[in-house]
Q: 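Attaching a single structure in structure tokens format; questions to follow.
Any value given below was found using the heavy atoms of this structure, including those in side chains, with hydrogens, waters and symmetry copies removed. Keep in mind the model is a prediction, meaning the values are calculated, not measured. So that the names make sense, note that chain A is the first sequence line, chain B the second, and so on, each numbered from 1.
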Amino acid sequence: MQLAKAYEPSRIEPAWAERWVEQDLFRADSSSSKPVFSLVIPPPNVTGALHMGHMFESSQVDITMRWQRMRGRNVLWLPGTDHAGIATQMLVERHLAKQGIDRREIGREKFLQHVWAWKEEYGGRIVGQLKRVGASCDWTRERFTMDPGLSRAVRECFVRLYEQGLIYRGEYMVNWDPGTLTAISDLEVEYEEQQGHLWYLRYPVCGSADSEHVVVATTRPETMLGDTAVAVHPADPRFAHLHGEFVTLPLVGRRLPVICDEFVDPQFGTGIVKVTPAHDPNDFAAGQRHGLECVTVLDEEARINDRGGKYRGLDRYEARRRVVEDLTALGLVEKVEDYTNNVGRSQRSGLAVEPRVSTQWFVKTETLADAAIRAVESGRTRIVPGQWERNYFEWMRNIRDWCISRQLWWGHRIPAWYLEDGSFVVARSRQDAEAEAARRGQRITRRETDVLDTWFSSGLWPFSTMGWPDDTEDLRTFYPTSLLNTGFDILFFWVARMMMLGIAMTGEPPFAKVCIHGLVRDADKQKMSKTKGNVIDPILMTDRYGTDAVRFALVASAGQGSDVVLKEERIAGYRTFANKIWNAVRFVGMSLEKAGAEVWTPPDLAAFRPLPDERTGRVPLEDQWIFSRLSKVAAEASEHIEQFRYHEVAGVLYHFFWHEFCDWYIELKKLSFAEGSGLSNAWRNMLAATERSLRLLHPIMPFITEDLWQRLTENTAGRPSSIALSSYPVSISEDGDPKAERLVEILRSLVATARNLRAELKLPASEMLSATVHSEIPEVLQVARQCSGAVAGLARIRLAVGTGAPSGQASRHTADFDLAIELPEAHRAAMRKSLEKQLAKLVKVARSARTKLRNEQFVTKAPPRVVDSVRTSLADYESQVERIRAALSGL
RNA sequence: GGGCACGUAGCUCAGUUGGUUAGAGCGCCUGCUUCACACGCAGGAGGUCCCCAGUUCGAGUCUGGGCGUGCCCACCA
């Protein structure tokens, strides 16, 4: 086995990524009888490139998927992309604008051709990147939200909801984006505090002799052009005299009634509100209650329209300036105050959203939300971490109807056709619509031009991707899915909608579990975004440090559900871990070649047990120990994966491989081989332990483990074609081999104690020294006798079992033994210092233990095991103190 | 206004059911080119677990209050 000295991920990763895809390694089987584990990807936008958020998510999912596959599940990870209505349309518009093409000039059909062409050319990028980072998706089942099958599902769902009376069309106030010229949903509006002003305007009272006026406060003076009333609180005594009066709207001259309505807050401003039903949601509602006229003064691009008289054609902000100017000139501005208000901006265009009355399509959400709430309440779907359930409930219980129509071209066109008499039919196809029209004695005049909100089709994703509404094999096998792993940022946008639509269409909630993860942030905890320029490109990092290092850094940096603060140095840190793995396996391979051992062909990798030494007939201690550890670590890692504690998985495996497998197992093996044991079973054990470690690590570091595993098992007959298809190590027995673990623990403790003493006393590192160990514990004596070679090799001391108390030597006491090192004269002073330091520490802990034991209630109420352990510890501290004092006086 | 988190080593964070002397990675200090790895090895320093009160024999962990930070929802004309 020839390996480079340092691991270079970029040399092996792309080839493996390609091979995995070519071999269809991750293809799910809908006819298999194995238990199923299924998951649909949160489809990234076709416009997108892979960012750290995707990589974080796919790393977590990939760990679960690879693990489930290795433990024998029939795994489906269904990939795909979302057409992302507004985002894509904007992008392609910009793209075309560069070539001097305006979508309005070329028209809808031509424009859509361009979008499709664009999608064909660039839409595969993110999928390609997912393949590159090893996401073990079933690429044969890749879907796109505008595939014919999925589009059919969208129409079917729309028609069914309509037939159930859950979709309606009507004139309401919606959030209008003056940039993209479409309505958007409440969720697509982002609020932001902004420094503004509050203008106090005078409206003269009609028919008043002494130029009486009312003063209204407003942040948007330009909308006064559309005022159709002023309002006061009915119980506000200050304005009782105004009830039934009228005022004159300045600049326009309209007579406005004074209305009484409880929505007025007497505390705010002057307690009198101007009412503009066409341009404010509260005013719109008030307008409906009082039958006010709705005077729209802004057009769809938020410019003053024909109703705005001389301000016609002005942008809303320019109009504001001019209106204030003119009112000031008339002496109608009483005062202006600074005021901070919350401005809603369109998530897409970034422009301030304009409340606008228009005809839109809505989903009635109340009953859908009820069912979605019950699914989580009953535990049929569980959200982890659990605190997100409260957010989910909170939102679902206060849900408002969902505006689903968008005045865009790119998307699923609403399946509604208008008739001559102005009515409409909703149907699955034009044929159906025509038939219905004929039944009504009408003809179709046109089809609805609006498309659906992107989240409508993604709301069907878990089953539309599996062939719904047909009763397909995939649907029966893989739906409802086992898990959804997604970010909290789309809990409402997406998860909530899938829950509602999934239950409504299939009768079942689409997931058994929903695992919510955090966001990836930069080193300053800022959200990564292109505009801030603080994005760390995952592909760049992957090229630089390797996919395994990037995904390890991502999952290791975040506790369950919490955000990741990502630093490049951390990724670099895990590259060194990969390098460590590489070199450990390189060492195993090199040793094997040097020893000229026979080709290793164990019959069954999965069931391999450590083999006995051919001479002694006993399994070497280090092999007993490492297989016990492997077994326990497998159980721990599995438990953590099952509970979505990915950072724990990372921690457990990192520690095991580096600080147990490399630091102790390999070091012990080196020594035993140095002693001349070249027998094949010793090799087989080490190879098997290495191979098993690689399988343990595979879900979290797929590339390096695949590459090394392939080399290591090259000659193993009947092995699977990929480590991904091998089995995940299972625990041999509940507590492994406690005896072996105890012995190695003592060995490690002996070595560590010796090293520690040596370093503290500044004894030369390589010089062989003599030492005695005193203990009454049989295991310690056993280790001292049987592993003296190992101790000598690892700590450079010749160990003897001593009798009586050590004196005149450097000694240290632990819970299990005393270790005394033969000390050259010159080091006495250093030792005195060391002992005094130990003494101070011990006196402190002994005091606290004594206090505890003097406390009667502790002794009677605490569990016996706790009391006992404190008692034992105290006895131990006391004897230590005694010994140290003795040693000090002996110096 | 309503809701949800968070505050532990210099930094980023673990800490599952309250229980022996609170952990990791990075950084820092000391010593090692020991023939897998200097992307390494060995050792070490570093903590008022934000503050106050309470429950308890016992609190980083539970309760209440305070201070500080972040997020979500609703929305103020």
Q: Of the listed nucleotides (A77(B), A36(B), C39(B)), which one gets closest to any side-chain atom of Thr576(A)?
A: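 Nearest to the side-chain atoms of Thr576(A), counting from C-beta on, is C39(B).
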Q: Quick one: do Val215(A) and Ile272(A) satisfy side chain to side chain contact (heavy atoms under 4.5 Å, CB included)? Show the steps, please.
A: CA-CA 7 Å; Val215(A) 180; Ile272(A) 309 180; 5.9 Å; no
Q: Does a salt bridge link Glu222(A) with Arg316(A), judged by any charged N lying under 4.0 Å from a carboxylate O?
A: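 No, this pair does not count.
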Q: Measure OH/Tyr665(A) against P/C41(B) and give the value in whole Å, please.
A: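 About 19 Å, once rounded to whole Å.
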Q: Would Lys669(A) and Glu667(A) satisfy salt bridge (Lys or Arg N to Asp or Glu O under 4.0 Å), going step by step from the backbone distance to the final call?
A: CA-CA 5 Å; Lys669(A) 273 289 178 199; Glu667(A) 293 305 317; over 6 Å; no
Q: Among A36(B), C75(B), C39(B), which nucleotide sits nearest the side chain of Cys662(A)?
A: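 That would be A36(B).
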Q: Nearest of C37(B), A77(B), C4(B) to any side-chain atom of Asn579(A)?
A: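 Closest of the options to the side chain of Asn579(A): C37(B).
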Q: Considering Watson-Crick and G-U wobble pairs with both distances under 3.5 Å, what does A5(B) pair with?
A: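 Per the H-bond distance test, U69(B).
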Q: Taking A42(B) as the reference, what is the distance to G10(B) when you measure between their C1' atoms (whole Å, please)?
A: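 These two C1' atoms come out 24 Å apart once rounded.
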Q: Which comes earlier along RNA chain B counting from the 5' end, the contact point of Val565(A) or that of Val273(A), where each point is its nearest nucleotide?
A: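 Here Val565(A) is the residue nearer the 5' end.
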Q: In Å and rounded to the nearest 0.5 Å, what is the CH2 to NE2 distance from Trp388(A) to His517(A)?
A: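 One finds 10.5 Å between CH2 of Trp388(A) and NE2 of His517(A).
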Q: Considering only the P atoms, how many Å lie between A45(B) and A22(B), rounded to the nearest integer?
A: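 It works out to 13 Å between them.
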Q: Charged N to carboxylate O under 4.0 angstrom, Arg289(A) versus Glu262(A)?
A: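 Not counted as a salt bridge, because no side-chain N and carboxylate O are separated by less than 4.0 Å.
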Q: Could you tell me whether Tyr574(A) contacts a base, only the sugar-phosphate backbone, or nothing, with contacts defined as non-hydrogen atoms closer than 4.0 Å?
A: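 Nothing: the residue Tyr574(A), judged by heavy atoms under 4.0 Å, touches no strand.
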Q: Thr860(A) side chain N/O closer than 4.0 Å to the phosphate oxygens (OP1, OP2) of C57(B)?
A: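 Checking Thr860(A) against C57(B): no side-chain N or O falls below 4.0 Å of OP1 or OP2.
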Q: What interatomic distance, in whole Å, is found between C1' of G68(B) and the corresponding atom of G25(B)?
A: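 Between the two C1' atoms, the distance is 27 Å.
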Q: Please state the C1' separation for the pair C72(B) and U16(B) - nearest whole angstrom.
A: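 Pairwise C1' distance, C72(B) against U16(B), rounds to 27 Å.
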Q: Checking only heavy atoms, does the side chain of Glu667(A) share a donor-acceptor pair with the base of A36(B) at less than 3.5 Å?
A: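 For Glu667(A), whose side chain was compared with the base of A36(B), there is a donor-acceptor pair (under 3.5 Å).
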Q: Given U12(B), C76(B), G43(B), which nucleotide is nearest the side-chain atoms of Asp280(A)?
A: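 Nearest nucleotide to the side chain: C76(B).
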Q: Side chain of Glu569(A), heavy atoms from C-beta onward: which of C37(B), C26(B), A42(B) has the nearest atom to it?
A: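 Of C37(B), C26(B), A42(B), C26(B) is nearest to the side chain of Glu569(A).
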Q: Would one find a side-chain N or O of Trp658(A) under 4.0 angstrom from OP1 or OP2 of C41(B)?
A: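 For C41(B), OP1 or OP2 has a side-chain N or O of Trp658(A) closer than 4.0 Å.
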Q: Look through every strand shown and name the nucleotide pairing with U34(B) as Watson-Crick or G-U wobble, where both distances are under 3.5 Å.
A: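 With both distances under 3.5 Å required, U34(B) matches none.
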Q: What I'd like to find out is whether the side chain of Asp280(A) reaches to under 4.5 Å of the side chain of Pro355(A), using heavy atoms alone.
A: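 They are not in contact (no side-chain heavy atoms under 4.5 Å apart), so the answer is no.
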Q: Using the ring of each side chain (for Trp, its six-membered ring), is Phe656(A) parallel, tilted or perpendicular to Phe661(A), with breaks at 30° and 60°?
A: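 Judged by the thresholds at 30° and 60°, the geometry between Phe656(A) and Phe661(A) is tilted.
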Q: Ile516(A) CD1 to C72(B) C1': how many Å, rounded?
A: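 Rounding to the nearest Å, CD1 of Ile516(A) and C1' of C72(B) are 13 Å apart.
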Q: By nearest atom, which of the nucleotides G2(B), C76(B), A36(B) is closest to the Ile666(A) side chain?
A: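 Nearest nucleotide to the side chain: A36(B).
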Q: Report yes if the side chains of Phe577(A) and Tyr654(A) come closer than 4.5 Å at any heavy-atom pair, otherwise no.
A: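 A side-chain contact under 4.5 Å exists here.
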Q: Separation of Asn583(A) atom CG from C41(B) atom C1', in whole Å?
A: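 Computing the Asn583(A):CG to C41(B):C1' distance gives 13 Å.
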Q: Using atom C1' in both nucleotides, what's the gap between G54(B) and G70(B) to the nearest angstrom?
A: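 Straight-line distance between the two C1' atoms is 28 Å.
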Q: Using a 4.0 Å heavy-atom cut-off, does Asn391(A) contact any base of the nucleic acid, only the sugar-phosphate backbone, or nothing at all?
A: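 Sugar-phosphate: the residue Asn391(A), judged by heavy atoms under 4.0 Å, touches backbone atoms but no base.
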Q: Using a 4.0 Å heavy-atom cut-off across all strands, classify Ser557(A) as base, sugar-phosphate, or nothing.
A: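 Counting heavy atoms under 4.0 Å across all strands, no contact is made by Ser557(A).
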Q: Measuring from the side chain of Gln857(A) (C-beta onward, heavy atoms only), which nucleotide among C57(B), C39(B), A36(B) has the closest atom?
A: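 Out of C57(B), C39(B), A36(B), the nucleotide with an atom closest to Gln857(A)'s side chain is C57(B).
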Q: Quick one: are Ile571(A) and Phe552(A) in side-chain contact, heavy atoms under 4.5 Å?
A: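 Side-chain contact under 4.5 Å: no.
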Q: Quick one: on RNA chain B, does Val859(A) or Glu192(A) contact a more 5' nucleotide (nearest heavy atom)?
A: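 This one resolves to Val859(A).
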Q: Across the strands shown, which category fits Arg400(A) at heavy-atom distances under 4.0 angstrom: base, sugar-phosphate, nothing?
A: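 Touches sugar-phosphate only.
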Q: If you look at every strand shown and take non-hydrogen atoms under 4.0 Å, does His659(A) touch a base, only sugar-phosphate, or nothing?
A: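 Sugar-phosphate contact only - His659(A) comes under 4.0 Å of backbone atoms but never of a base.
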Q: Touch check for Tyr545(A), heavy atoms < 4.0 angstrom, all strands: base, sugar-phosphate only, or nothing?
A: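 No contact.
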Q: For A9(B) and C28(B), measure between their C1' atoms and round to the nearest Å.
A: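 Per the computed distance, 12 Å lies between those C1' atoms.
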Q: Base of C73(B), side chain of Asn398(A) - is there a donor-acceptor contact under 3.5 Å?
A: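 Between C73(B) and Asn398(A), which were checked side chain against base, a qualifying N/O pair under 3.5 Å is absent.
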Q: For C57(B), give its Watson-Crick or G-U wobble partner with both distances under 3.5 Å, or none.
A: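 Partner of C57(B): G19(B).
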Q: Looking at A36(B), A74(B), C71(B), which one has an atom nearest to any side-chain atom of Met590(A)?
A: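 Among the listed nucleotides, the one closest to the side chain of Met590(A) is A36(B).
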Q: Taking any heavy-atom pair under 4.0 Å as a contact, classify Val867(A): base, sugar-phosphate, or nothing.
A: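 No contact at all - Val867(A) keeps every heavy atom at 4.0 Å or more from the nucleic acid.
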Q: Reckon Trp199(A) touches a base, only the sugar-phosphate, or nothing at all at heavy-atom distances under 4.0 Å?
A: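 Touches nothing.
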Q: For nucleotides A53(B) and U17(B), find the distance between their C1' atoms and express it as a whole number of Å.
A: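 That atom pair is separated by 26 Å.
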Q: Just the rounded figure in Å: distance from P of C73(B) to CG of Asn175(A).
A: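 Those two atoms, CG and P, are 13 Å apart.
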Q: Return no unless some side-chain N or O of Lys580(A) is found under 4.0 Å from OP1 or OP2 of C41(B).
A: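 It does, given that an N or O in the side chain of Lys580(A) lies less than 4.0 Å from OP1 or OP2 of C41(B).
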Q: So, OP1 or OP2 of C4(B): does either fall under 4.0 Å of a side-chain N or O from Arg390(A)?
A: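 Yes, Arg390(A) has a side-chain N/O under 4.0 Å of OP1/OP2 on C4(B).
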Q: Within the pair Asn282(A) and C75(B), is there a side-chain N or O less than 4.0 Å away from OP1 or OP2?
A: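 So the side-chain polar atoms of Asn282(A) never come under 4.0 Å of the phosphate oxygens OP1 or OP2 of C75(B).
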Q: From the list C37(B), A77(B), C41(B), which nucleotide is the closest neighbour of the side chain of Arg586(A)?
A: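 Comparing C37(B), A77(B), C41(B) against the side chain of Arg586(A), the answer is C37(B).
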Q: Could you check how far CD of Gln387(A) sits from P of C6(B), rounded to whole Å?
A: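 Answer to the nearest Å: 7 Å.
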Q: May I have the step-by-step check of salt bridge (Lys or Arg N to Asp or Glu O under 4.0 Å) for Glu354(A) and Arg220(A), ending in yes or no?
A: CA-CA 11 Å; Glu354(A) 196 57 54; Arg220(A) 300 198 57 194; 2.8 Å; yes
Q: Using the C1' atom as the reference point in each nucleotide, state the distance between C62(B) and G58(B) in Å, no decimals.
A: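 Rounded to whole Å, the distance is 13 Å.
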Q: Nearest to the side chain of Trp395(A), which nucleotide is it out of C73(B), A42(B), U12(B)?
A: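 Of C73(B), A42(B), U12(B), C73(B) is nearest to the side chain of Trp395(A).
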Q: Whether Ser562(A) contacts A14(B) is assessed here as follows: a side-chain N or O lying under 4.0 Å from the phosphate OP1 or OP2. Is that the case?
A: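 Yes, Ser562(A) has a side-chain N/O under 4.0 Å of OP1/OP2 on A14(B).
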Q: Rounded to the nearest Å, what distance is computed from the CH2 atom of residue Trp388(A) to the C1' atom of nucleotide G3(B)?
A: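 After rounding, the reported distance stands at 11 Å.
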Q: Write down the distance between CG (Leu668(A)) and P (U34(B)), rounded to a whole number of angstrom.
A: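 In whole Å, U34(B) P and Leu668(A) CG are 21 Å from each other.
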Q: Ignoring hydrogens and angles, does a donor from either the side chain of Lys5(A) or the base of A36(B) sit under 3.5 Å from an acceptor on the other?
A: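 Between A36(B) and Lys5(A), which were checked side chain against base, a qualifying N/O pair under 3.5 Å is absent.
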Q: Just call it for Arg645(A): base, sugar-phosphate, or nothing, with non-hydrogen atoms closer than 4.0 Å on any strand.
A: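 Here Arg645(A) touches the bases of the nucleic acid.
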